[in-house]
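Okay, structure first, notes after.
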Amino acid sequence: MEDFSAFVGLSRTTVSKYFNDPGSVRQNTRSVIEAALKKSDFRPSIFAVNLNRRRSNILGVIIPNSTDPFYMALTRRIETIANEAGFLAFVLSSDGRAEMEDQAIQTFRSMNIAGAIIAPLGVRSHHRVLAELGASIPLIYVDSPLDETSSFVGTDNRQSFRLIVDYLCRSGEPPCYFGMPLVNNNATARQEAYVEAMREFKVTPSIVAVEDAGSWDFEKFGHDEALRILKGQGFPTGTVLCANDRIAFGVISAAYALGLKVGHGADCDLRVAGHDDHPLSRYACPPITTVAQNYNEIGRLAIELLLQRLDEDAPPAKRDNARVLLNAELMLRRSA
């Protein structure tokens with residue numbers, strides 16, 4: 001900045017004012033600076049500037065899987081709104097590993113971020129590391145809460161499972177439940193929501209015994225486990241409710257490999273339903289009956305809540321935690 005100030009022939013204070021807000025300097029001064037920028041190709045370092053600020057304009061986002069369409073849609077929404085508010089959303093992936101989640105947190109701390117949105121691993125997360133981060137900056141969890149007291153924006157699993165269990169019980173044989181690997185807190189929360197819904201409708205819950213692969217490769221997990229089950233004694237009921245649509249893809253693939261017909265009708269062998277409304281679920285064969293999470297609204301509310309926290313005077317540790325649970329929508333398709 002000193003070198004550029006000398007190059008343009010203006011004080012460092014004037015140049016700094018321009019970089020913080022171009023509209024804060026006179027038009028003639030702005031034109032001189034912008035002409036010098038083109039000639040010198042000087043650009044201030046965003047990270048160096050933020051390290052010198054009491055509060056930076058960088059927001060951290062940590063997701064467990066950068067290739068999952070849910071997280072892709074979520075981060076796109078967060079980045080758009082953050083940019084409109086004058087913030088840079090910096091996205092890192094934990095790749096489903098606690099040590100990578102810790103490393104992402106340390107990276108963000110070194111960048112002096114203003115706040116963070118995290119989709120935590122939950123059962124595998126190092127809670128102390130996350131607690132220390134939440135004590136120093138505003139922190140919002142999405143997709144699955146870290147615990148019952150953390151600030152969280154996500155889908156109401158109880159509502160969504162009550163919705164789809166009610167439909168499946170009314171339209172055919174009650175569903176058994178095909179769970180997901182224990183990669184985050186949704187694994188246990190969704191199973192508990194299924195059990196609660198079944199009991200509410202006076203039907204005995206039936207949990208399919210599956211191996212915990214500990215992997216985010218849900219399609220392979222669903223395929224391999226369903227193939228093993230179907231080659232053995234089969235599912236306990238003719239209706240299978242999967243913890244998410246990606247697992248449902250695998251179950252349908254396994255049924256196809258064994259010559260079984262998935263769908264709703266007298267000529268069908270199996271009904272399969274999912275959860276999330278994965279972007280490809282409507283194009284599966286057959287299209288998957290599921291419940292739709294509102295990805296855009298989760299992202300919007302999470303970033304707006306975080307920006308609101310940044311405007312509050314109270315330190316992070318003294319703020320009341322907020323929990324925003326959104327309803328899901330039933331999507332009826334041919335698989336169930």
Side-chain angles (χ1 to χ4, degrees), residues 70 143-145 148 152 154-210 212 218 221-222 225-226 229-230 233-252 254-255 260-266 268-278 281-282 284 286-295 297-298 323-336:
F70 170 79
D143 186 37
S144 65
E148 291 301 316
F152 171 70
T155 298
D156 185 344
N157 284 319
R158 288 182 173 178
Q159 180 270 341
S160 61
F161 273 88
R162 188 183 305 114
L163 193 64
I164 197 161
V165 166
D166 175 47
Y167 165 73
L168 293 173
C169 288
R170 285 188 293 104
S171 60
E173 193 174 0
C176 59
Y177 181 73
F178 194 120
M180 60 187 281
L182 294 170
V183 292
N184 65 19
N185 288 341
N186 275 331
T188 53
R190 292 185 176 183
Q191 180 169 308
E192 289 170 0
Y194 159 79
V195 170
E196 182 179 302
M198 292 286 281
R199 288 175 176 164
E200 182 178 328
F201 295 117
K202 305 294 189 292
V203 184
T204 303
S206 179
I207 308 293
V208 177
V210 294
D212 179 23
F218 296 148
F221 169 78
E225 286 299 294
I229 292 166
L230 290 169
Q233 296 182 346
F235 287 104
T237 77
T239 303
V240 182
L241 173 56
C242 301
N244 61 47
D245 292 341
R246 292 178 57 193
I247 290 174
F249 287 137
V251 174
I252 291 173
L260 300 176
K261 185 175 181 179
V262 174
H264 190 186
C268 295
D269 303 296
L270 195 66
R271 290 200 303 163
V272 178
H275 190 287
D276 293 349
D277 195 24
H278 185 286
S281 61
R282 69 190 63 192
I288 299 172
T289 288
T290 184
V291 281
Q293 295 196 79
N294 194 333
Y295 307 152
E297 193 67 359
I298 291 172
R323 294 180 72 80
V324 182
L325 299 178
L326 302 179
N327 286 345
E329 180 183 357
L330 184 63
M331 311 298 290
L332 297 181
R333 300 186 181 121
R334 288 173 53 199
S335 74

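What you see below is based on every heavy atom in this structure, not just the backbone, and it leaves out hydrogens, waters and symmetry mates.
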Heavy-atom donor-acceptor pair, S335 side chain to T289 backbone, under 3.5 Å = yes
Closest non-hydrogen atoms of A243 and Y177, given as atom of the first, atom of the second and distance, are CB-OH, 3.1 Å
Are V183 and F218 side-chain neighbours, meaning at least one heavy-atom pair lies under 4.5 Å?
-> yes
Should V272 and I288 be marked as a side-chain contact (heavy atoms from CB on, under 4.5 Å) after you check the CA-CA gap, both sets of side-chain angles, and the distance that decides it?
-> CA-CA 7 Å; V272 178; I288 299 172; 5.5 Å; no
Between I229 and F178, does a side-chain contact (heavy atoms from CB on, under 4.5 Å) hold up when you go through it step by step?
-> CA-CA 11 Å; I229 292 166; F178 194 120; 4.2 Å; yes
May I ask you to decide if C242's main-chain N or O and Y194's side chain share a donor-acceptor pair within less than 3.5 Å?
-> no
Hey, what do you get for CG (D143) to OG1 (T155), rounding to the nearest 0.5 Å?
-> 8.0 Å
For D269, enumerate each residue passing the side-chain hydrogen bond (donor to acceptor under 3.5 Å, both in side chains) test, keeping only those at least two apart in sequence or located in another chain.
-> none
Of all heavy-atom pairs linking M331 and A292, the shortest is CG-CB, 3.9 Å
Answer yes or no: is there a side-chain heavy-atom contact under 4.5 Å between V210 and P181?
-> no
Is the shortest heavy-atom distance from the side chain of T188 to the side chain of L182 under 4.5 Å?
-> yes
Does a salt bridge link E173 with R271, judged by any charged N lying under 4.0 Å from a carboxylate O?
-> no
Shortest non-hydrogen contact between V203 and C169, atoms and distance | CG2-SG, 4.2 Å
In this structure, CD1 of I298 is separated from CG of L325 (nearest 0.5 Å) by 10.0 Å
How long is the gap from CZ on R158 to CD on E192, to the nearest 0.5 Å?
-> 8.0 Å
If every non-hydrogen atom of P236 is compared with every non-hydrogen atom of V208, which pair is closest and at what distance?
-> CD-CG2, 4.2 Å
Output, in order, the C-alpha distance, side-chain angles, deciding distance and verdict of side-chain contact (heavy atoms from CB on, under 4.5 Å) for V251 and V262.
-> CA-CA 10 Å; V251 174; V262 174; over 6 Å; no
Can any side-chain N or O of N157 pair as donor or acceptor with the backbone N or O of R190 at less than 3.5 Å?
-> no
D276 side chain to H278 main-chain N or O, any donor-acceptor pair under 3.5 Å?
-> no
Rounded to the nearest 0.5 Å, how far apart are OG of S160 and CG of L326?
-> 11.0 Å
Do R333 and D277 meet the salt-bridge criterion of a basic N to acidic O distance under 4.0 Å?
-> yes
In terms of heavy-atom contacts, Q159 and A328 come closest through OE1-N, 2.7 Å
NE2 of H275 to CZ of F161: how many Å apart, nearest 0.5 Å?
-> 4.5 Å
Can you name the closest pair of heavy atoms from L168 and A273 and give their distance?
-> CD1-CB, 4.0 Å
Measuring from T290:OG1 to L330:CG, what's the distance to the nearest 0.5 Å?
-> 8.5 Å
Any donor-acceptor pair under 3.5 Å from D245 side chain to A248 backbone | no
